[in-house]
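Contents: one structure, followed by commentary.
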Amino acid sequence: MTEEYDVEFVERTDREARFLVRGVTPAFANGIRRAMLADVPTMAIDTVRFVENSSVMFDEQLALRLGLVPLTTPPVGEFVEDDTVTLSIDVEGPATAYSGDLVSSDDLVQPADDNVPIIDLKDDQRLEAEADTVLERGKGHAKHQGAVAAGYRHLQRVEVVDDVPEFEDEQSQIVRGVIEDDGELIPTSEFDHDLSNRYPGKEIELEDVPNAFVFHVETDGSFPVEEIVTRAADTIEARATELEEAVQL
Amino acid sequence: MELRVTESTEDELSIEIAGEDHTFMNVLKGALLEHDDIGAATYDVNPEQSGGQTEPILTIKTDGGVDPLEALEEAAVDVREKATTFRDAFEAAA
């Protein structure tokens, strides 16, 4: 059984994208969504050794904050599970310690954003620590979740059925997602999510296009959107291959 | 992925697939149901906190024409092909 899938990008930046996939079943679409959230490993700080912490917060609290800083995740094959990268931080008050103050021992693993505040340090307060990262899946801890937002909606087809009756007030018709009008894909944000803006004085019918899903994916900066989608597909493929081999035994 | 057959007859199979969750099980179930000779396919998982059986159990019932284990293998191949065609289509668009 070979299906024909058709992918088309609607909106696209480095960290956020909207793309249409035609021909997938709802089960498969949901599998991809769940795999993006929970099964694509990302780097995150897991163990912290404090050299000095004279800030107002406990070591454990700072360790949690450090863990939640998104780090860039190296390409597949560069790292295996149990490999660690060490980052260090040394900030003296009065100053705010930011994620950008983390110094990594490996160029491939860097804070994805430089402006995540970790703690505000007052006079004579100091934070000095070393942190080890691990490559883990979002299933184990949310800090390893590469997709901060991943979801899909049905593509909706718009059909103009009639004019609004002459003496009737026009009603707003709110729809969110992406609509298809004569084969053209239009994000609803273009007309303020209100079909009466795009089709004034018309009566509209909307229907879900079967097996056409518009994914919206946003990553935390661990890797670009393309990467998380392909890696999610890879995890499903890996599990199917594993099952195939296990059944043959 | 460890498999453990809990029930097996000529046209019915119950199998525990350790370490999997809805992500994979639902895709697999969907692929099984697309198969012509499958009468019924379902899976059951219990939450971690429930204490008892927490690994998913897949149950397949065929219309008799095919061995359930073979149908499972075909479904696994289907899922693999779905994943690769999806990735290829996505990479072509990206």
Side-chain angles (χ1 to χ4, degrees), chain A residues 1-10 12 14 17-40 137-139 150 211 213 215 217 224-249, chain B residues 1-5 8 13 15-38 41-43 45 48 54-56 58 60 66-94:
Chain A
M1 204 181 330
T2 40
E3 277 107 327
E4 276 300 308
Y5 294 152
D6 182 43
V7 180
E8 200 177 323
F9 276 85
V10 182
R12 185 170 172 186
D14 209 28
R18 221 179 269 277
F19 57 92
L20 166 69
V21 187
R22 285 180 202 270
V24 293
T25 60
F28 188 75
N30 197 40
I32 291 285
R33 180 191 69 85
R34 286 181 58 107
M36 283 192 280
L37 292 171
D39 293 320
V40 178
R137 300 192 301 160
K139 210 177 170 185
N211 293 339
F213 295 97
F215 279 81
V217 181
V225 174
E226 293 82 8
E227 191 84 26
I228 198 164
V229 178
T230 47
R231 288 195 196 191
D234 289 343
T235 68
I236 292 186
E237 186 200 338
R239 275 177 282 182
T241 314
E242 208 184 323
L243 176 65
E244 197 185 328
E245 282 161 9
V247 168
Q248 281 166 349
L249 294 176
Chain B
M1 185 181 291
E2 255 176 59
L3 304 181
R4 196 167 62 88
V5 175
S8 177
L13 173 76
I15 189 167
E16 181 190 280
I17 303 180
E20 289 306 332
D21 59 7
H22 298 284
T23 308
F24 183 66
M25 293 309 294
N26 198 41
V27 177
L28 183 64
K29 185 199 78 177
L32 276 163
L33 290 173
E34 282 172 21
H35 200 291
D36 285 338
D37 296 318
I38 299 287
T42 183
Y43 74 95
V45 234
E48 196 80 35
T54 53
E55 302 292 359
L58 179 74
I60 307 166
V66 61
D67 178 39
L69 204 61
E70 261 165 41
L72 178 62
E73 192 187 327
E74 277 172 40
V77 175
D78 284 348
V79 173
R80 197 192 65 213
E81 281 171 359
K82 274 173 195 260
T84 43
T85 38
F86 171 77
R87 197 192 51 222
D88 292 346
F90 183 84
E91 276 172 350

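What you are looking at is a predicted structure, and each value in this text was computed from that prediction instead of being measured. So you know, we letter chains A, B, ... as the sequences are listed, proteins then strands, and number each from 1.
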Taking atom CZ of B:Arg80 and atom CD of A:Glu244, what is their separation to the nearest 0.5 Å?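 The distance works out to 4.5 Å.
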Enter the distance from A:Asp6:CG to B:Phe86:CZ here, rounded to the nearest 0.5 Å. 11.5 Å
Which word best sums up how the rings of A:Phe19 and B:Phe90 line up, parallel for under 30°, tilted for 30 to 60°, or perpendicular for over 60°? perpendicular
Quick one: closest heavy-atom pair of B:Gly19 and A:Lys139, and the distance? O-NZ, 4.1 Å
So which atom in A:Ala240 and which in B:Ala76 form the shortest heavy-atom distance, rounded to 0.1 Å? CB-O, 3.4 Å
Who pairs with A:Gln248 by side-chain hydrogen bond (donor to acceptor under 3.5 Å, both in side chains), at least two apart in sequence or on another chain?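 Checked A:Gln248 against side-chain hydrogen bond (donor to acceptor under 3.5 Å, both in side chains); matches are B:Glu73.
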Are [X] and [Y] packed together at the side-chain level, in the sense that at least one heavy-atom pair is separated by less than 4.5 angstrom?
X	Y	result
B:Lys82	A:Tyr5	yes
B:Phe24	A:Leu243	yes
A:Leu37	B:Thr23	no

B:Glu55: salt bridge (Lys or Arg N to Asp or Glu O under 4.0 Å) partners, not counting sequence neighbours: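 B:Glu55: no salt bridge (Lys or Arg N to Asp or Glu O under 4.0 Å) contacts found.
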Residue, of B:Glu2, B:Glu20, B:Glu91, B:Glu70, that accumulates the most heavy atom pairs under 4.5 Å with chain A: B:Glu20
Under a 4.5 Å heavy-atom cutoff, which of B:Val27, B:Ile17, B:Ile15 has the most pairs with chain A? B:Val27
Between A:Arg12 and chain B, which part of the residue has a heavy atom less than 4.5 Å away: side chain, backbone, both or neither? side chain
Applying a strict 4.5 Å limit to non-hydrogen atoms, the region of B:Leu3 in contact with chain A is side chain
